[in-house]
Participant: 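If you scroll down you'll find the structure; I have some questions about it.
Given the structure is predicted, the values throughout are model-derived calculations rather than measurements.
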Amino acid sequence: MQFMTPTLPLTQPIVIFMLVMMIILFAPLLFRRLKIPKIVGLILAGVAIGPYGFNLLARDASFEIFGEVGILYLMFLAAVEIDMYHLRRNYKLGTLFGLLTFSLPMIVGIPLTRYALSTGWDTAVLISSMYASHTLISYPVVSRFGLSNNRGAVIAVTGTIVAVLLALVALAEVVAVRMSGGFDVGQLGLLLILTVIYTLAVGLSYPWLTRWFFRKFSDSVAQYIFILTLVCVASVLAKLIGLESILGAFYAGLVLNRFIPSRSKLMKNIAFVGDAIFIPYFLIGVGMLINVGVVVRGWGVALTALLMTATALSTKYVAVALTRRISGLNSDESHLMFGLSSGKAAATIAATMIGYKYGLLTEDMMNGAVVMILICCIVASVATERAAKKIRLRLTDEEMETEGPRQVGFARQIVALSNPMTAEGIMRMAIFMRSPLNTDCLTALYVRNNDDKVRMRMGREALKAAVGVAEAMEVPCREVERFDLNVMTGVSNVLREQDASEVIIGLHRRSNIVDSFYGSMIEQLMGMTRKMIIMSRCFIPLDTVRRIFVYVPVNARYETGFADWVARIGNLASQLSRSVSFLCDIQTADFIEARVNEGGYAFSRHYSDMENWDDFIILSSQIADEDLLIVISARKGSLSYSGETESMNSYLGRHFVRHNIVMIIPSQFGG
C-alpha cells in the first residue's frame, strides 16, 4: 500500500484544487469578520499560500490558465453588465476620464521618476505607463451592489479601456525603442490599421453568428460555451495584432451585450462561473506574485515603492477630481470612480515583467512595483466598497421615499398557457415586461374544460416549461391548473380571484379565411374583463430581436391603462437594451416621453410622426422579420377605438403573418 507523502509546495492536482476551493469559500468569511473586503482577502490569501508566503502552492500552469481567463472574465463581465443606453449617454465623459487618467500619470510620472529614481527616459516612460494603467479589480463589488449602470461606474469602465489601450501602446513603443534604438512610426501606423480591421471584423461578424446560434440552439449550457468561445477568440485575435487580450475580451462584451439580458439564465450562468471560479483564481494568483518581504530588506525598495504608490494614487485622484468638476458627479460617485481606477493587476504586472526582462527595471524597481500593486489593490477594494455601500443606501432611501411599499405600475401577472412549444417564449415576454424590482408572485395558468389526456399532458408540460423559465430568472411563480366551464371563463375567474392587473397569452393564429384576427376565445375574454390583455407571438428568441416598433393609435393617451402599457414597454426595452420607435401623433409622443422619464426607463427611443392610417402603411415597410412590432389596440367603444383599429387587424392578418407581434389591449376604468 502506497501512502501519499505531502511535500511543499503541494503538487497533487486534487489537493491543489481542494485547497483553492477552501480558500475561495473560507477566506471571504474570515476577512469579512475583520472588516476587510473580499477581494483584498483573496489577494492576501494568495500572498500567504504562495511561494513568498508559506509556500503551500506554486504558481503553476493552473494559476496561469485560470488567472488569465479570470482577468478576461472580469473585463468581459464589466462590458456585458453595462446598459448600452447609459454607455451611450456617458461615453464622452468616459473617454475624457480615460485621457485624463492616462495623461496626468504620464505628465507627472515621467520627470518625477527620471530624477527621483535616477532612471533613463525610456524607463521613466515605462514606469509612468504603469501609473497610468489600471485594472477593474474591484468591479465585482460594483456588480454585487447592483451599480453597474451607476454614472460613476460607467465612466470609470469606459475610461479604463482608453487608459489601458494608451498605456499598452506606450509600453510597446518603449520596448520597440529599446530593441531597435529608435521610434518606429510605421509600426504604430500598422497597429492602428490592424485595430480598425479587428474592430470591424468582430463588430460585424459576432452579432450575425450569435443570432444564428441562439435561434438554432436554446440550451443555456450550449449558449454559455458559445459565448465563452467568442470571448476567447476575440482575446486571441487582439493579442495577435499587438493589443492586450483584455481589450479583446472587453470589446467582445460590448458587442455581445445586447444578446445577454441581465435577467436571463445565460447571464446568471456567466456571472456564477466567473464569481465562483475564474475571478477568485485570478485574485489568488495576483497575491502569489507579491513578495512583501522585499520591503524590509532595505530602504531602497521601501522608498521606491512609496514613491511609485503615491504617484499612482495621487494622479488617479486628481484625474477623478477634474472629471467630477466637469461632469457634476456627487462625492460618492467620484469615490467609486477612484476605487475602480486605483486597482492595478494585469497590464501593470505585464509591464513589470517586460521591463525587468529587457533590463529597463532594476530589481528594486521591480519589487517596488509589486508592492505598489498590492497597496493599490487594497486601496481600490476598500474605496470601492465604501462608496458602493453609501450609493446603495442612498438609492434605497430614495426608492422608499418616492415609491413607498409598492411602485406605481407594478404588474400582477397571469400567464395563460396551453402549448409547450410557445410557453417559454410567452413567459420570457411576461418577465421582461415586469419591473426587476417587482417581487409579486407571477401565476402560470393552465385551464382545461375536459379530461382529454393529450391536451392535459400538453398543458402540464407548458406549465412545467414556463415555471422553469421563471425559476431560472429568479422570479417567484405559482403554478395553477384549473378546471372550468371553458378556457376563457377560467382565465377571467383567476384574474378576479387574484386581483391580477393583466393576462399574458399567446396570440391567436388564424386557422381559416373566415376566422377573426383575435379568434373567438380572445374576443370572449375581452368581453369578460376590462383588465389589460397582452398577446404575444414571437418566432425568434427575444434576445435576438433587433429593434422594437410600437404602433400607438390616436387618443391612446386618454385611456385608463395608458401609463401601464408604457411601463411594460419601458421594462421590456430597458432589459433587452433595444431601441424603440414609437409610431404615433405628436401629442401622444409628448405624453409617452413624459411617462418614460417619470418611470426612469433607460432605453433609446425616437418618435415617427403618424397622423393617419396611410402613414402607418408607409412606416411599416421598415419593420423586418427580425424586429418586434407592438400594437396598442383598443376595445370597441373605448376612446382610442376607431375604424383604423379594424383596419390594423386586417392589415396584420394579411401582411404580418411571419412577423413577431405583441398586441396590447389596455385596461379600462372598472377593469
Participant: Does any non-hydrogen side-chain atom of Tyr281 lie less than 4.5 Å from one of Val69?
Facilitator: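 The answer is no, as the side chains (C-beta and beyond) never meet within the 4.5 Å cut-off.
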Participant: Taking the side chain as C-beta and beyond, is there a heavy-atom pair between Val141 and Ser381 under 4.5 Å?
Facilitator: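 No, every pair of side-chain atoms sits at 4.5 Å or beyond.
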Participant: Output yes when a side-chain donor or acceptor of Lys344 lies under 3.5 Å from a complementary backbone atom of Tyr131, and no otherwise.
Facilitator: yes
Participant: Measuring from atom CG of Leu104 to atom CG of Leu99, what distance do you get when rounded to the nearest 0.5 angstrom?
Facilitator: 10.5 Å
Participant: Is it true that a side-chain atom of Arg114 and a backbone atom of Thr119 form a donor plus acceptor pair closer than 3.5 Å?
Facilitator: yes
Participant: Considering residues, nucleotides and ligands other than Lys390, do more than 12 of their heavy atoms fall under 6.0 Å from its NZ?
Facilitator: no
Participant: Verify the neighbour count for atom OH of Tyr91: are there more than 12 heavy atoms of other residues, nucleotides or ligands below 6.0 Å?
Facilitator: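 Not more than 12 within 6.0 Å, no.
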Participant: Quick check: do Met365 and Thr123 have side-chain heavy atoms less than 4.5 Å from each other?
Facilitator: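 A side-chain contact exists here, since the closest heavy-atom pair is under 4.5 Å.
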Participant: A quick test of your reading: do over 12 heavy atoms of other residues, nucleotides or ligands sit less than 6.0 Å from CE of Met22?
Facilitator: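 Not buried by this count: 12 neighbours or fewer within 6.0 Å.
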Participant: Mind checking whether Arg151 and Ile155 have side chains closer than 4.5 Å, heavy atoms only?
Facilitator: yes
Participant: Do the side chains of Phe63 and Val20 get nearer than 4.5 Å, heavy atoms only?
Facilitator: yes
Participant: Would you find more than 12 non-hydrogen atoms of other residues, nucleotides or ligands less than 6.0 Å from Leu192 atom CG?
Facilitator: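 Atom CG in Leu192 is packed in, count exceeds 12.
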Participant: Under 3.5 Å, side chain of Ser334 to main-chain N/O of Ser331, donor-acceptor pair present?
Facilitator: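 It does hold such a pair.
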Participant: Answer yes or no: is there a side-chain heavy-atom contact under 4.5 Å between Ile391 and Leu336?
Facilitator: yes
Participant: Is the side chain of Tyr206 donor-acceptor paired with the backbone N or O of Ala234 at a distance under 3.5 Å, no angle test?
Facilitator: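 Checked: pair present.
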Participant: Does Leu266 have any side-chain contact (heavy atoms from CB on, under 4.5 Å) partners at least two apart in sequence or in another chain, and if so, which?
Facilitator: Phe214, Gln223, Tyr224, Ile227, Ile260, Ser264, Ile270
Participant: Please indicate whether Arg386 has more than 12 foreign heavy atoms, meaning atoms of other residues, nucleotides or ligands, lying under 6.0 Å from its CZ.
Facilitator: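 Open.
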Participant: Ignoring hydrogens, what is the shortest heavy-atom contact between Met130 and Ala369? Give both atom names and the distance.
Facilitator: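 Nearest heavy atoms, Met130 then Ala369: CE-CB, 3.3 Å.
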Participant: In a table with atom names and distances, give each donor-acceptor pair under 3.5 Å that connects a side chain of residues 315-322 to protein atoms at least two apart or in another chain.
Facilitator:
{"residue": "Thr315", "atom": "OG1", "partner": "Thr311", "partner atom": "O", "Å": "2.7"}
{"residue": "Thr315", "atom": "OG1", "partner": "Ala312", "partner atom": "O", "Å": "3.1"}
{"residue": "Lys316", "atom": "NZ", "partner": "Thr101", "partner atom": "O", "Å": "3.3"}
{"residue": "Lys316", "atom": "NZ", "partner": "Thr101", "partner atom": "OG1", "Å": "2.9"}
{"residue": "Lys316", "atom": "NZ", "partner": "Ala132", "partner atom": "O", "Å": "2.4"}
{"residue": "Lys316", "atom": "NZ", "partner": "His134", "partner atom": "ND1", "Å": "2.8"}

Participant: Would you confirm whether Arg394, through its side chain, and Asp332, through its main-chain N or O, come within 3.5 Å as a donor-acceptor pair?
Facilitator: no
Participant: Parallel, tilted or perpendicular for Phe217 and Phe213, by the 30°/60° rule?
Facilitator: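 The rings of Phe217 and Phe213 sit tilted, inter-plane angle from 30° to 60°.
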Participant: Do NZ/NE/NH1/NH2 and the carboxylate oxygens of Glu333 and Arg324 come within less than 4.0 Å?
Facilitator: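 Result for this pair is no, no salt bridge flagged.
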Participant: Side chains of Pro261 and Met267: closer than 4.5 Å at any heavy-atom pair?
Facilitator: no
Participant: Is a side-chain donor-acceptor pair under 3.5 Å present for Thr384 with Ser138?
Facilitator: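 Checked: Ser138/Thr384 side chains pair up, N/O donor to acceptor below 3.5 Å.
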Participant: Any side-chain heavy-atom pair from Val202 and Tyr251 closer than 4.5 angstrom?
Facilitator: yes
Participant: Determine whether the aromatic ring centres of Phe66 and Phe278 lie less than 6.0 Å apart.
Facilitator: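 Ring centres of Phe278 and Phe66 closer than 6.0 Å.
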Participant: Begin with the C-alpha distance, continue with both residues' side-chain angles, and end with the deciding distance and a verdict on side-chain contact (heavy atoms from CB on, under 4.5 Å) for Ser220 and Lys268.
Facilitator: CA-CA 10 Å; Ser220 59; Lys268 295 187 182 303; over 6 Å; no
